[in-house]
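Being a predicted model, the structure only gives us computed values, none of them experimental. Counting starts at 1 for both ligands and their atoms, in listed order. Start at 1 with the first residue, then count along the sequence.
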Amino acid sequence: MSDSTTADDSRRTAGEPHLTVDGLRTYYESEKFVGGKPVKAVDGVSFEIGRGETFGIVGESGCGKTTLGRSILQLEDVDDGRVSFDGTDVTTLGRRGLKEWRRDAQMVYQNPMSSINERMTVGEIVREPLEVHNWESAARRRERVQELLDRVGLRPEHYHRYPHQFSGGQRQRIGIARALALEPEFLVLDEPVSALDVSVQAKILNLLSDLQEEFGLTYMLIAHDLSVVRHICDRVGVMYLGKLMEVGPTERLFTAPQNPYTRSLLSAIPQPDPDVGADRITLRGTPPNPRDPPSGCVFSTRCPFKIRQPEHENLDDEQWAAIAEFRRVIRERERATATTLQRAKQRLGMGTEFTPIREVNEELFGSLTYPESVESTLNQATELVEGGDVTEARAVLDETFSTVCEHEPPEQHAVGDGQSSRCHRHREEYREPGEYLDAEKYLPR
Ligand code: ADP
Ligand code: MG
């Protein structure tokens with residue numbers, strides 16, 4: 001954490017990353033639909049963590065944070081990529097090597113007791129990893145558990161109690177003691193305080209900070225609460241639909257975010273004083289299905305700074321937003337009518353659950369005026385949907401409105417000291433025009 005040093009600074013290998021994640025991919029195959037598309041939970045993630053550092057991962061629910069943590073620890077079958085720890089690739093370890101890795105690296109969960117047998121006492125829970133790894137003698141294990149309970153702020157008599165007798169904060173202390181039992185070097189903290197009251201959150205975070213200092217631990221902290229991340233992380237990665245959109249030192253990321261998704265996330269933080277607030281970016285809708293991510297940039301379907309075709313640069317934000325929304329509706333409708341039965345119904349004009357597209361059109365565009373060519377494309381698409389050809393409607397809209405954002409996945413661009421961002425806007429030819437560079441306007445002040 002920012003102001004802490006490791007217990008043994010000599011162990012810091014200057015410049016050498018402690019943990020390197022390179023092109024990591026973890027897909028979940030769907031068992032119900034054999035041959036169906038996999039969920040791309042983690043889809044080509046790369047970053048490094050230095051020894052003693054706290055690296056934060058933020059992003060909306062379902063973007064792949066937990067899967068990333070579990071993949072690094074080899075608790076999930078990884079499809080592609082490398083995870084190196086002090087130079088050793090842990091994705092290719094044999095049985096013994098893996099056992100060692102699972103001692104060196106541990107996970108702390110949001111609900112630490114959810115996966116634990118209700119009938120185990122606190123002492124048994126913390127001792128279990130020691131048993132599994134056949135750690136020293138029975139007497140030493142008992143002693144070790146007492147040490148750990150004491151270290152995380154629990155009392156000796158808690159040894160024989162059951163977790164359900166404890167508060168949320170105490171249960172998290174038990175989870176932390178268990179994770180520390182085998183003296184790991186690296187901890188994945190998966191939303192460790194998300195389920196706790198704010199006052200308890202601070203205590204647990206302080207405990208984690210003290211433990212980090214005392215034992216020279218390296219943390220990867222997963223959180224959706226940005227204030228927690230800002231408070232304790234040295235660097236942060238912002239995740240969206242299985243990809244890291246931006247990585248950088250915490251303060252830079254919060255004060256000079258370069259990626260449209262990071263800006264949207266920060267913009268969504270409630271302001272203490274609304275009068276001083278910046279222009280808000282509204283993140284429309286929810287993230288797309290990771291089984292069927294958008295082509296090109298994964299954020300393109302919701303991006304407020306999406307690159308436009310030059311002939312549409314004169315449309316204002318409101319006009320543009322209505323088009324984006326219309327395209328989203330049609331995309332969703334296309335997905336929903338993917339089954340033969342739905343398609344047949346639509347073609348026959350049988351009652352589907354959808355609002356008639358004409359009404360959607362009027363609702364979105366009724367109060368706006370567009371150039372004639374745009375208007376005619378929108379009407380053409382509307383008529384195609386009415387005729388049951390949603391796919392063709394989508395193609396017509398794509399033809400007119402889609403740009404590089406939907407055609408090509410953006411690369412990770414270096415955008416400052418230790419900061420990188422995945423966005424086509426960083427390419428020379430796409431920087432101007434637009435308000436994109438005016439970060440100030442969108443940031444909380
Ligand atoms: P987060 O922790 O950011 O909320 P997760 O890593 O839990 O995200 O999930 C990422 C995506 O993978 C989600 O779409 C989720 O539904 C899916 N997923 C997670 N675990 C499994 C699993 N065991 N089988 C299939 N899909 C999964
Ligand atoms: Mg999660």
Asks: Are any side-chain N or O atoms of R102 and backbone N or O atoms of Q74, one a donor and one an acceptor, separated by less than 3.5 Å?
Replies: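 The answer is yes, because a donor-acceptor pair under 3.5 Å joins these two groups.
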
Asks: Hey, is the main chain of S421 close enough, under 3.5 Å, to the side chain of Q258 for a donor-acceptor pair?
Replies: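 No: the side chain of Q258 does not pair with the backbone of S421.
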
Asks: Does R425 qualify as a cation-pi partner of F305, given the criterion of NZ or CZ under 6.0 Å from the six-membered ring centre and within 45 degrees of its axis?
Replies: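 No, a cation-pi geometry is absent between R425 and F305.
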
Asks: Protein non-hydrogen atoms only, distance under 4.0 Å: does atom 24 (N) of ligand 1 have such a neighbour?
Replies: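 Protein heavy atom within 4.0 Å of atom 24 (N) of ligand 1: present.
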
Asks: Using 30° and 60° as the class boundaries, would you call the ring planes of F186 and F85 parallel, tilted or perpendicular?
Replies: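 Because their plane-to-plane angle lies in the 30° to 60° range, the rings of F186 and F85 count as tilted.
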
Asks: To which of G62, P287, G242, P38 does the heavy atom nearest atom 1 (P) of ligand 1 belong?
Replies: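 That would be G62.
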
Asks: Could you please tell me which protein N, O or S atoms lie under 2.8 Å from the Mg ion (ligand 2)?
Replies: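 Correct list: T66 OG1.
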
Asks: Is the shortest distance from a Lys or Arg side-chain nitrogen in E411 or R427 to a carboxylate oxygen in the other one below 4.0 Å?
Replies: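 Answer for the salt bridge query: no.
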
Asks: Determine, counting only non-hydrogen atoms of the protein, whether one lies under 4.0 angstrom from atom 15 (C) of ligand 1.
Replies: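 When distances to the protein are checked, atom 15 (C) of ligand 1 has no heavy atom within 4.0 Å.
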
Asks: Hey, mind stepping through L196 and K203 against side chain to side chain contact (heavy atoms under 4.5 Å, CB included) and telling me if it holds?
Replies: CA-CA 10 Å; L196 306 175; K203 288 185 188 148; over 6 Å; no

Asks: Which protein heavy atom lies closest to atom 9 (O) of ligand 1, and at what distance to 0.1 Å?
Replies: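 Here the nearest protein heavy atom works out to T67 OG1, 3.8 Å.
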
Asks: Give me the residue, atom name and distance of the protein heavy atom closest to atom 17 (C) of ligand 1.
Replies: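 It is V39 CG1, 3.9 Å.
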
Asks: Checking contacts here: is it the side chain or the backbone of T66 that comes within 4.0 Å of ligand 1, counting heavy atoms only? Could be both or neither.
Replies: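 Looking at T66 and ligand 1, atoms from backbone and side chain both fall under 4.0 Å.
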
Asks: My understanding is that we take every heavy atom of each candidate and find the minimum distance to atom 8 (O) of ligand 1. Doing that for G59, P290, G64, S61, which one comes out nearest?
Replies: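 Result: the heavy atom closest to atom 8 (O) of ligand 1 is in G64.
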
Asks: Identify which one of T301, D398, T400 satisfies the side chain to side chain donor-acceptor pair (under 3.5 Å) criterion when paired with R327.
Replies: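 Option passing the side chain to side chain donor-acceptor pair (under 3.5 Å) with R327: D398.
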
Asks: Determine the interplanar angle of the Y240 and F299 rings, folded into 0 to 90°, and report it as parallel if under 30°, tilted if 30 to 60°, perpendicular if over 60°.
Replies: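 Answer is perpendicular, since the angle exceeds 60°.
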
Asks: Does the pair E147/R151 count as a salt bridge with the N-to-O cut at 4.0 Å?
Replies: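 Not counted as a salt bridge, because no side-chain N and carboxylate O are separated by less than 4.0 Å.
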
Asks: Just to be sure I read this right, does ligand 1 sit under 4.0 Å from the backbone of C63, its side chain, both, or neither, counting only heavy atoms?
Replies: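 Both the backbone and the side chain of C63 come within reach of ligand 1.
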
Asks: Report yes or no: do E246 and T262 form a side-chain donor-acceptor pair below 3.5 Å?
Replies: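 Side-chain D/A pair, E246 to T262: present.
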
Asks: Can you pull out the closest protein heavy atom to atom 27 (C) of ligand 1? Residue, atom name and distance to 0.1 Å, please.
Replies: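 For atom 27 (C) of ligand 1, the nearest protein heavy atom is Y28 CD1, 3.2 Å.
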
